[in-house]
Number of protein chains: 2
Amino acid sequence: MGGEETATSKAPRTERGKRTLRKLLDAAAAEFGERGYHEASISGITQRAGAALGTFYTYFDSKEQVFRALVDDMGHLTRQHIAERVPGNVDRLTAERLGLEAFIEFVREHKDLYRIVMEAQFVAEDAYLNYYKVFAAAYTRNLAQAAEKGEIRPGHEEERAWALIGMSVFLGMRYAVWSSDKSAKEVADAAAELITFGLSPLARGGGGM
Amino acid sequence: MGGEETATSKAPRTERGKRTLRKLLDAAAAEFGERGYHEASISGITQRAGAALGTFYTYFDSKEQVFRALVDDMGHLTRQHIAERVPGNVDRLTAERLGLEAFIEFVREHKDLYRIVMEAQFVAEDAYLNYYKVFAAAYTRNLAQAAEKGEIRPGHEEERAWALIGMSVFLGMRYAVWSSDKSAKEVADAAAELITFGLSPLARGGGGM
DNA sequence: CTACAACTTGAATATTGACTCAGGTTTCGA
DNA sequence: TCGAAACCTGAGTCAATATTCAAGTTGTAG
């Protein structure tokens, strides 16, 4: 029962149409990213796209609908980017480090879209919820599997998943969206060490690897 | 040179005025919390407060100004609540656990205000930035001091501070705002263990205290 | 008790911007 | 080449609501 094809009636049927739709999506990402949902205007989007106001409604039903489309798109892109950078056969702790680094890099390259995801909490809460629930579910599963293999200490997988997602999100916000004063690797290494050994002074010493 | 007293001209001078101002602030917190900044309306606020529309402008210059007032207020309340629950003389790792538990409890009791803080990112970005920068600076300092005392491993204090804040925020969102299906203590314990020992299977075993 | 400041009131104003639509223009299969 | 479908255009409609203001009511100092 696919919820995927909401906009069938609005799908472009010619090359020209496809080009226009793409221009509008890019323009929407820029407009929402720069001005935020409510400051953004449809006329701003169409101006950026070099199209007339009415053209927007050839492809979308409403302002909110484009916004949701962008949020969903971001979920796919993020997972894809991280999956590409994290080999399937490494152990969990290594995967954490690589994944975080990939995530921060990705956010740097897509600040606009990332801001949109964050704002979705207030514009399209269900899309936002879904975005993170998908992440958290996958994360929880990964942690449970790693625990079974003995790669990490078992227990509290769900809470850990949310805690780790929160870390990533805030590090992304601080070191990718707000400022890039430290390299992605630097940040990821610091966080990976925290994730691996915690703060305890009893654990194995400093930086490593 | 105090930025505190922005609204001197609007401060109430009689008992009646003070009461009305308080009713408006409470009403604003509820309205913004429930409907979000843009959906919220001044008339919604005054209706909740049982006042006339124009009364709002006796005490505030604009919709945005009340919103900012609420964000700042939340910063004070949060720090105060946590400070009350975390004795000054405990070691850092204990403080982390107690602080997180206090934070989650606090968010549960102030969902509306908490949502407002999060939305501030898109409505009053500077207020939001300030909110977290104050937290992060204090946190970084605490970590550095703890490192000097040998309570935790030294290094990366700033990144760690942001990572730990991110954890708290997301755990708060998931286990206080969205759902209360686990107790604050349960969540705080799981996170505290992660913060203390990390995920590494080499560290001291499971749950403990 | 009085007068003035403080406060309250809600209809009116003004702006904004999402969305519609009737009439062109372009594309493309036959 | 032709005509219908697809696409584009942008002025106009319409609802929402932040903010103002002139007129009334209440509190309180003297």
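Order of the sequence lines sets the chain letters (A, B, ...), proteins ahead of strands, with each chain counted from 1. None of the values given here were measured: they were computed from a predicted structure. Hydrogens, waters and symmetry mates play no part in the numbers below; they use all other heavy atoms, side chains included.
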Exercise for the section: Looking at every strand, decide which applies to A:Ile42 at a 4.0 Å heavy-atom threshold: base, sugar-phosphate, or nothing. Expected result: sugar-phosphate

Handout entry: Presence of salt bridge, A:Arg19 and A:Glu15, under 4.0 angstrom
Key = no

Handout entry: Aromatic ring pairing A:Tyr128/A:Tyr132, orientation class (parallel under 30°, perpendicular over 60°, tilted between)
Key = perpendicular

Practice task
Could you check how far CD of A:Gln47 sits from P of D:dC8, rounded to whole Å?
Solution key: 17 Å

Exercise for the section: Please state how far atom CG in B:Asp61 lies from atom P in D:dT19, giving the value in whole angstrom units. Expected result: 9 Å

Problem - Side-chain heavy atoms of A:Arg48 within contact of A:Glu34, under 4.5 Å - result: yes

Problem - Side-chain N or O of B:Ser43 closer than 4.0 Å to phosphate OP1/OP2 of D:dT17 - result: no

Problem - Residues A:Asp126 and A:Arg68 bridged, charged N to O under 4.0 Å - result: yes

Completion exercise
Atom CZ of B:Arg35 and atom P of D:dT17 are separated, to the nearest Å, by 7 Å

Exercise for the section: Would you classify B:Thr55 as touching base, sugar-phosphate or nothing, given that sugar-phosphate means primed atoms plus P, OP1 and OP2, and contacts are heavy atoms under 4.0 Å? Expected result: base

Problem - Any B:Tyr57 side-chain nitrogen or oxygen under 4.0 Å from OP1 or OP2 of C:dT8 - result: no

Exercise for the section: Take B:Lys18 and A:Arg19, find for each the nucleotide of DNA chain C with the closest heavy atom, and name the residue whose nucleotide sits nearer the 5' end. Expected result: B:Lys18

Exercise for the section: Measure the distance from CD on B:Gln65 to C1' on D:dT19 and round it to the nearest whole Å. Expected result: 14 Å

Exercise for the section: Using whole Å, report how far OH of A:Tyr59 lies from P of D:dC7. Expected result: 5 Å

Handout entry: Length of the CG-P vector between B:Leu21 and C:dC7, whole Å
Key = 10 Å

Completion exercise
Whole-Å distance, B:Phe56 CZ to D:dC21 C1', equals 17 Å

Problem - A:Leu24 CG to C:dC19 P, straight-line distance once rounded to whole Å - result: 14 Å

Exercise for the section: Could you pick out which residue, B:Glu39 or B:Arg16, lies toward the 5' side of DNA chain D when each is mapped onto its nearest nucleotide? Expected result: B:Glu39

Handout entry: Among C:dG10, D:dA18, D:dT9, the nucleotide that comes nearest once only the side chain of B:Leu53 is considered
Key = C:dG10

Exercise for the section: Go through D:dG10, D:dT9, D:dC7 for me and flag the one nearest to the A:Arg13 side chain. Expected result: D:dC7

Handout entry: Distance test, side-chain N/O of A:Thr20 to OP1/OP2 of D:dC8, below 4.0 Å
Key = yes

Practice task
Indicate, with a heavy-atom threshold strictly under 4.0 Å, whether A:Ala49 touches base, sugar-phosphate, or nothing.
Solution key: nothing

Problem - Check: B:Tyr37 ring centre within less than 6.0 Å of A:Phe122 ring centre - result: no

Practice task
Could you pick out which residue, B:Thr14 or B:Lys63, lies toward the 5' side of DNA chain D when each is mapped onto its nearest nucleotide?
Solution key: B:Lys63

